[in-house]
Amino acid sequence: MSKSKITNALIEDTNIKTNIQIVANTYQNISFNKLTKLLSLLNAQVNQKLFRYYQKYPDKRIAFYCFHESVENNTHSNIILRIPPEYDVINVILLMRKFWLKINSKFRLYFDLDVKDETKCTKYATKDDDFEPI
């Protein structure tokens with residue numbers, strides 16, 4: 001699938017929040033596998049907090065589409081969220097930020113709720129091929 005098809009598919013789905021830019025920074029040189037495990041833990045914590053039976057009801061589960069990137073002393077991930085309509089987006093992001101900080105006090109989660117161009121934001125997030133759906 002080409003980059004433009006991926007971008008268009010993500011933008012067309014109303015449950016996928018392509019209008020929000022989220023970056024989970026570690027400020028460490030860790031492997032992508034370790035980052036995936038940390039983000040998987042974060043995802044489980046957020047889902048558990050919002051809906052206890054999230055594993056039995058996949059339609060009520062919050063999903064992270066993670067695109068890992070590594071620069072000097074900062075392995076990080078650009079995240080696109082899939083949030084079911086019954087959840088408040090701000091509440092989900094604040095829970096993510098809280099739990100990400102609890103995993104490691106050096107970690108930071110940055111977000112921008114006012115993205116002007118969804119296409120550019122999605123293309124930026126998906127610029128590398130290291131895609132991890134969590």
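Identified under the salt bridge (Lys or Arg N to Asp or Glu O under 4.0 Å) test for residues 77-99, with sequence neighbours left out: K60-E86.
Connection of V89 to F99 is established within a shared hydrophobic cluster, with ILVMFWY side chains joined at heavy-atom distances below 4.5 Å, either directly or through further cluster members. Linking ILVMFWY side-chain heavy atoms closer than 4.5 Å, directly or via other members, places L95 and I20 in a single hydrophobic cluster. When hydrophobic clusters are built by joining Ile, Leu, Val, Met, Phe, Trp and Tyr residues whose side-chain heavy atoms come closer than 4.5 Å, directly or via intermediates, L10 is not grouped with V115. Both L94 and Y54 belong to a single network of hydrophobic side chains, linked directly or stepwise wherever heavy atoms of I, L, V, M, F, W or Y lie under 4.5 Å apart.
Partners of Y27 according to the side-chain contact (heavy atoms from CB on, under 4.5 Å) rule, which considers only residues two or more places apart in sequence or in another chain, are N25, N74, R108, Y110. Checked against ring-ring contact (aromatic ring centres under 6.0 Å, His included), F111 has no partners two or more places apart in sequence or in another chain. Partners of Q55 under the side-chain contact (heavy atoms from CB on, under 4.5 Å) rule, at least two apart in sequence or in another chain, are R61. Listed by chain and residue number, T26, Q28, K34, L35, L38, T75 satisfy the side-chain contact (heavy atoms from CB on, under 4.5 Å) test with I30 (two or more places apart in sequence, or in another chain). For D117, the side-chain contact (heavy atoms from CB on, under 4.5 Å) test picks out T119, K120, with sequence neighbours left out.
Distance CZ/R52 to CG/L50: 14.5 Å, rounded to 0.5 Å. Rounding to the nearest 0.5 Å gives a distance of 10.0 Å between CH2 of W100 and CD of Q45. To the nearest 0.5 Å, the span separating CG on N91 from CE on M96 amounts to 12.0 Å. In this structure, OG in S31 is found 9.0 Å from NE2 in H68, a value given to the nearest 0.5 Å. Separating the CG atom in L113 from the CD atom in Q21 is a distance of 11.0 Å, to the nearest 0.5 Å. To the nearest 0.5 Å, atoms OH (Y87) and CD1 (I93) are separated by 15.0 Å.
With hydrogens and angles disregarded, a donor-acceptor distance shorter than 3.5 Å links the side chain of N43 to the backbone of I62. In this structure a side-chain-to-backbone donor-acceptor pair under 3.5 Å is missing from N78 to V23. A side-chain donor-acceptor contact under 3.5 Å links T36 to the backbone of F32.
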Mind running side chain to side chain contact (heavy atoms under 4.5 Å, CB included) on F107 and L101 for me, showing each step along the way?
-> CA-CA 6 Å; F107 291 177; L101 196 58; 5.6 Å; no
Stepwise side chain to side chain contact (heavy atoms under 4.5 Å, CB included) check, D114 with K116 | CA-CA 6 Å; D114 189 28; K116 292 178 180 30; 3.8 Å; yes
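The two residues N29 and E72 come nearest to each other via the heavy atoms OD1-C, 4.1 Å.
Just one residue in the list T122, I83, L81, I80 forms a side-chain contact (heavy atoms from CB on, under 4.5 Å) with I16, and that residue is I80.
Looking only at side-chain heavy atoms (C-beta outward), V71 and H76 come within less than 4.5 Å of each other. Looking at heavy atoms from C-beta onward, L42 lies in side-chain contact with F64 at the 4.5 angstrom threshold.
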